[in-house]
Amino acid sequence: MTFQEQIQQGIPAVLPQPKPFDATINHAPKRKEILSTEEKKLALRNALRYFDAKHHAELLPEFASELETYGRIYMYRFRPDYKIYARPISEYPGKCEQAKAIMLMIQNNLDYAVAQHPHELITYGGNGAVFSNWAQYLLTMQYLSEMTEEQTLAMYSGHPMGLFPSHKDAPRVVVTNGMMIPNYSKPDDWEKFNALGVSQYGQMTAGSYMYIGPQGIVHGTTITVLNGFRKIKKSPKGGLFVTSGLGGMSGAQPKAGNIAGCVTVCAEVNPKITHIRHSQGWINEVIEDINELVPRVKKALENQEVVSIAYLGNVVDIWERFDAENLHIDLGSDQTSLHNPWAGGYYPVGISFDEANTLMAENPELFRQKVQETLRRHTTAINKHTAKGTYFFDYGNAFLLEASRAGADIMAENHIDFRYPSYVQDIMGPMCFDYGFGPFRWVCASGKPEDLAKTDAIACAVLEEMARTAPPEIQQQMQDNIQWIKGAQENKLVVGSQARILYADAEGRVKIAEAFNQAIAKGEIGYVILGRDHHDVSGTDSPYRETSNIYDGSRFTADMAIQNVIGDSFRGATWVSIHNGGGVGWGEVINGGFGMVLDGSADASRRLQSMLFWDVNNGISRRSWARNEGAIFAIKRAMETQPLLKVTLPNQVDDALLG
């Protein structure tokens with residue numbers, strides 16, 4: 001069968017042969033035992049309902065074995081034989097170009113070069129899933145190949161509920177992930193309902209089909225590192241940035257350090273992912289011995305090298321050893337998946353990676369104790385460095401939150417706030433999000449590198465023209481992004497699809513998208529798929545990350561994210577998504593995203609102008625109502641450019657009146 005025929009058949013009528021477990025692939029760790037005997041039977045019933053009853057007797061023992069061995073039913077047998085990657089849009093079967101674009105993005109999320117655990121359908125973060133099992137993938141791709149512009153596919157936590165009649169301007173796909181009743185959003189609830197096959201953790205861009213590999217966070221990390229050095233009034237050249245995590249999102253850190261121009265040391269306990277990142281060129285060097293790491297870092301600092309070094313080991317060893325050696329760290333952070341601390345997101349110090357994985361599955365309570373002991377040690381070591389002048393920030397991965405839950409010395413003197421800021425509080429919030437700048441991204445549906453080069457040039461020209469008249473308040477953001485896009489090609493950022501990201505405000509996003517659409521209309525480039533990270537101005541309500549600089553008491557509300565995705569859906573998005581959970585954990589955040597296909601038409605122009613304007617200004621208006629100074633400036637400017645926009649502005653209260 002051809003690739004197109006395999007897509008169109010969906011779940012095959014004749015069972016494929018079982019597939020051997022491929023040990024060369026980076027696999028998800030075994031999930032904890034969470035289901036009772038009766039619940040295991042329910043999980044098996046839930047899995048078997050995807051298949052004709054005549055196959056149940058054959059599949060039942062296999063699925064039962066998977067549930068016992070891995071803690072989940074992945075249906076490995078149904079993993080396709082064809083290579084999964086973002087093909088040119090013309091290679092996908094279908095009746096609707098928008099649906100083909102979505103197939104392209106789904107396959108990009110599961111590309112072996114992109115996904116963290118591709119056989120378990122996990123893109124990044126240890127548990128950020130596109131689907132829960134391979135039957136869902138096959139059925140979804142089949143539905144997309146049949147879809148017309150008069151239908152919408154409803155996705156319930158990885159399960160394709162079906163194609164429903166709609167209309168041309170409706171989203172082609174609506175995605176929800178993990179939308180639990182609030183009292184059922186504890187970590188063990190995720191383990192249970194995911195094991196049952198009825199809910200999943202879509203992370204952010206994993207379950208919304210908009211991940212573009214580590215590049216997706218490289219730009220934001222580069223801006224964070226640059227502004228971190230600006231904050232301490234030091235040049236990155238000759239400076240030291242220490243962090244940890246090289247998995248999905250965190251794999252961007254070394255590349256960002258190189259672009260910023262400092263020495264970066266990033267710890268990672270997983271040998272497989274460490275060597276993958278090294279082979280991809282995202283890391284310059286790998287060192288496995290702490291005794292070799294110390295002199296190498298000292299030499300790099302002395303020579304003011306721009307170099308990234310992966311330490312294959314636990315980051316706690318680095319913090320403690322560098323303290324003993326009095327080796328000064330300028331910037332410090334952490335980007336392990338601490339939203340997922342008990343299932344492979346963070347590893348205890350003092351035991352090997354393999355031993356930790358065994359302990360995680362066989363004695364989860366002891367594993368939990370060791371993780372919390374490590375968090376206390378980790379924090380103590382960081383505190384010693386910050387006392388000597390290190391600037392440490394939480395990278396939105398729930399480090400501060402989990403350290404506090406572990407009883408670490410992480411609280412401020414008032415015993416309410418954390419000792420260290422979230423990077424959104426100190427850097428991204430006041431410098432970017434409040435002004436409307438966030439991670440706008442696009443994918444060239446043709447798969448041609450030359451199309452990506454042309455879009456880079458178009459975006460750069462738009463930004464340079466805007467910078468000529470931009471107000472002083474946003475000149476730094478404009479110049480940072482112009483510098484970024486000019487260096488994008490030489491920094492070899494593409495992993496998977498021909499994609500790009502830059503930070504832009506609403507005006508920039510609309511103007512860049514319109515310029516793309518005009519280029520498509522002229523036949524200069526193929527179709528372009530627009531999107532963004534959920535980690536943005538308006539898409540995410542997350543009290544310890546995206547909305548951590550909202551100080552009016554509303555940071556624990558989720559109205560903004562819900563309003564965002566509803567508004568995007570009727571203003572022209574091709575697909576929309578809303579998730580429970582994300583980079584800081586299940587039950588800790590609600591986040592939404594979108595995708596939009598540009599085809600050069602007048603319809604696309606109308607949609608992009610309506611939707612992109614709302615997508616950003618929804619968040620700016622909420623931030624301005626919270627009395628954020630930059631957001632008040634930004635929303636007033638937006639109202640001057642759009643007469644139909646009228647936003648409620650806050651009146652300031654004299655603090656002296658309050659006593």
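By convention here, the first residue in the shown sequence is residue 1. Predicted model only: the values in this text are computed from it and were never measured.
Screening Ile485, Ile212, Thr455 for a side chain to side chain contact (heavy atoms under 4.5 Å, CB included) with Arg500, the sole residue that qualifies is Ile485. The only option from Tyr143, Tyr50, Phe131 that meets the ring pair (Phe, Tyr, Trp, His ring centres under 6.0 Å) definition with His159 turns out to be Tyr50. Shown are Phe440, Phe433, Tyr211; of these, the ring pair (Phe, Tyr, Trp, His ring centres under 6.0 Å) with His535 is made only by Phe433.
Residues Asn591 and Ser542 form no side-chain contact, since every pair of their non-hydrogen atoms from C-beta on lies 4.5 Å or further apart. Counting heavy atoms from C-beta outward, Tyr92 and Leu144 have side chains that stay 4.5 Å or more apart. Put simply, the side chain of Val616 does not reach to within 4.5 Å of the side chain of Arg532, judged on heavy atoms. Residues Val565 and Phe594 have side chains not in contact (no heavy-atom distance under 4.5 Å, counting atoms from C-beta outward). Ile102 places none of its side-chain heavy atoms less than 4.5 Å from the side chain of Leu153. Looking at heavy atoms from C-beta onward, Tyr74 lies out of side-chain contact with His119 at the 4.5 angstrom threshold. No side-chain heavy atom of Met155 sits less than 4.5 Å from a side-chain heavy atom of Trp575. Put simply, the side chain of Val218 reaches to within 4.5 Å of the side chain of Trp484, judged on heavy atoms.
Using modelled atom types, one finds a donor on one side chain and an acceptor on the other under 3.5 Å when comparing Gln518 with Glu514. For Tyr124 and Thr205, the side-chain atoms include at least one donor-acceptor pair closer than 3.5 Å.
Seen from the ring of Tyr423, Arg545 does not count as a face-on cation partner, given the 6.0 Å and 45° thresholds.
Enclosure of atom CD in Glu464 by more than 12 non-hydrogen atoms of other residues, nucleotides or ligands within 6.0 angstrom is indicated. With a 6.0 Å radius and a threshold of 12 heavy atoms from other residues, nucleotides or ligands, Phe3 has its CZ atom above the threshold. Shown here is Glu629, whose CD atom has no more than 12 heavy atoms of other residues, nucleotides or ligands within 6.0 Å.
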Assess whether side chain to side chain donor-acceptor pair (under 3.5 Å) is satisfied between Gln107 and Asp111, documenting all intermediate values.
CA-CA 6 Å; Gln107 291 206 316; Asp111 184 336; over 6 Å; no
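Side-chain N or O atoms of Asp541 include one that pairs as donor or acceptor with a backbone N or O of Ala561 at under 3.5 Å.
Between Lys95 and Glu150, none of the side-chain N atoms (NZ, or NE/NH1/NH2) sits under 4.0 Å from a carboxylate O, so this pair counts as no salt bridge.
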